[in-house]
Structure formats: structure tokens, C-alpha cells
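The first residue of the sequence shown is numbered 1, and numbering continues consecutively from there.
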Amino acid sequence: MKKEQSAIKEKKYIKATNATREALLNAFFMLAHKEKIYQITIREITELANYNHATFYRYFVDIYALIDYAEYEFLRDMRKTIEETCNESQFGERQFFEAMIRCFRKNEYRVSVLLSEENRSHFLRKISENTTNSINRPDFNEPKKRAIRNIYFYGIFYAISVNLQSREALPDEDLLNIIQNLFDNWYRPEMDLND
């Protein structure tokens, strides 16, 4: 009986903890759509979320930790989406990038903030590193292949991010055709050439 009660209390605590963290994140993202992300104060976040400063510090050390957590959440969701959709042999192919674009679209509200001007380079580097590190390919560490991989993936993720934020965006299908063309006509031949 005590174990059941303890388990119920723990589930309620976890649910409340997740809800509080989510409320703080939502407040941050609401503010970030109005001002630069690194100018947002903890006071603004806690007032909007209707919590006190101590609550914020229970979850995050500072704004940078909150942003890191939001990035981590997106990367985790991206990895899950890719794992559910693609196998390792499809890494870098059309199905892989379809899954990526779906993930970006699903998280568009938050991603548009994480890819804002002041955070774009940092976040794109994380996305690129996270994606390529999740593929177990030792040959990726050779200097030429690493350079090819970095140019291709960083460029692709940059194009996806700019397209998501553009008022005159390409349809996803057209963007996927460009990505596939680069993969077939530049990336794959360059990687094969350097085997």
C-alpha cells in the first residue's frame, strides 16, 4: 500500500515539475518572439509564467541553461523522429530530410527562436554535430570526409532554417529536391571519391 502511494505521489510530482518547467519555457518563447533572446530577463520570464525567481532557479541556472535545455529537447525530438522514420543506411537521403523538415515544422514556434540571428550559428552547429554523431560511421572522422560532411549538413540545416523563417519560402517538396540533388551529385560522389 505504501509503495503504491509513494508511486502515485512521485508521478504527481513529476507531472507538476514538467508543467512548471514547460510554463517557464513557454514564457521564455513568448517573450523571445518580441525581443532578443539574450536580453530577456529571468524577472520577465517568472512574471509572465506567474512563478517566483526561486522556482526558475530550481530548474535553470540562468537563461543560457534554459536555452540549452530547449535545444536539447528539440534535438531529442529530432533524433526520435529520425529513428522512427529512417534506418542508418538512409542517413542523408530524402527520407531522412523529410523527417528533419517534419520535426522542424512540428517545433516551428520554438525553432524560430532557437534559430534567431543571435543563436543561429550555435544551434545549427549543435544540430549538425548531433545528427552526424548519431550515425556510427568511423570514416566520418577522416579530415576530408569530415569537411565534406560539415559543409553539406551545416549548409542543408541552414537552408532549412532560412526557408522556415522566410516569407517567400520554397515549398518543402522543392527544398527536398534541391537537397536530394546535392546529395546525389555532390555529397555522395565526394564521399566515395575520398574512400
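- What you find for V111 and Q165 is that their closest heavy atoms are O-NE2, 4.5 Å.
- Take E118 and apply the side chain to side chain contact (heavy atoms under 4.5 Å, CB included) test, not counting sequence neighbours, and it matches K36, I37, Y38, S116.
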Report the C-alpha distance between F183 and F97 in whole Å, list the side-chain angles of each, state the deciding distance to 0.1 Å, and finish with yes or no for ring pair (Phe, Tyr, Trp, His ring centres under 6.0 Å). CA-CA 11 Å; F183 183 81; F97 283 108; 7.7 Å; no

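- Heavy atoms only, all atoms of each residue included: C103 and D77 are closest at SG-OD2, 3.6 Å.
- Considering every non-hydrogen atom in both A99 and T81, the closest pair reads O-CG2, 3.6 Å.
- With a 4.5 Å cut-off on side-chain heavy atoms, E98 and R102 count as touching.
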Going through the distances and angles, do R149 and E190 end up as a salt bridge (Lys or Arg N to Asp or Glu O under 4.0 Å)? CA-CA 10 Å; R149 179 197 71 203; E190 283 294 323; over 6 Å; no

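- In this structure H53 satisfies the ring-ring contact (aromatic ring centres under 6.0 Å, His included) test with no other residue, sequence neighbours excluded.
- Nearest approach of L24 to A49, heavy atoms of both residues: CD2-CB, 4.0 Å.
- Counting non-hydrogen atoms of neighbouring residues, nucleotides and ligands closer than 6.0 angstrom, the CG atom of N50 reaches no more than 12 such neighbours.
- Contact detail for A23 and Y51: the closest heavy-atom pair is CB-CE1, 3.7 Å.
- At least one donor-acceptor pair under 3.5 Å links the side chain of H33 to the backbone N or O of Y109.
- Separation of atoms OH (Y152) and CG (L182) is listed at 6.0 Å; rounding is to 0.5 Å.
- Between T46 and R43 the shortest heavy-atom distance is OG1-O, 3.1 Å.
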Using a 3.5 Å cut-off and no angle test, enumerate the donor-acceptor pairs between side-chain atoms of residues 156-164 and protein atoms at least two apart in sequence or in another chain.
from, atom 1, to, atom 2, distance (Å)
S161, OG, F157, O, 3.4
S161, OG, Y158, O, 2.8
N163, OD1, L170, N, 2.7
N163, ND2, L170, O, 3.0

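- Every residue two or more places apart in sequence or in another chain that forms a side chain to side chain contact (heavy atoms under 4.5 Å, CB included) with N150 is listed here: R146.
- For the pair R110 and E71, the salt-bridge criterion is not met [side-chain N within less than 4.0 Å of a carboxylate O].
- D184 and Q180 share a side-chain donor-acceptor pair at under 3.5 Å.
- Within the model, atoms OH of Y154 and CD1 of I127 stand 9.5 Å from one another, a figure rounded to the nearest 0.5 Å.
- In this view, D68 and K126 satisfy the side chain to side chain donor-acceptor pair (under 3.5 Å) rule, not counting sequence neighbours.
- Interatomic distance, N107 CG to L115 CG, rounded to the nearest 0.5 Å: 11.0 Å.
- Side-chain contact between R94 and N177: present, with at least one pair of heavy atoms (C-beta onward) separated by less than 4.5 Å.
- Judged as a side chain to side chain contact (heavy atoms under 4.5 Å, CB included), and not counting sequence neighbours, the contacts of Y69 are R21, L25, F60, E73.
- Side-chain contact between I67 and H122: absent, with no pair of heavy atoms (C-beta onward) separated by less than 4.5 Å.
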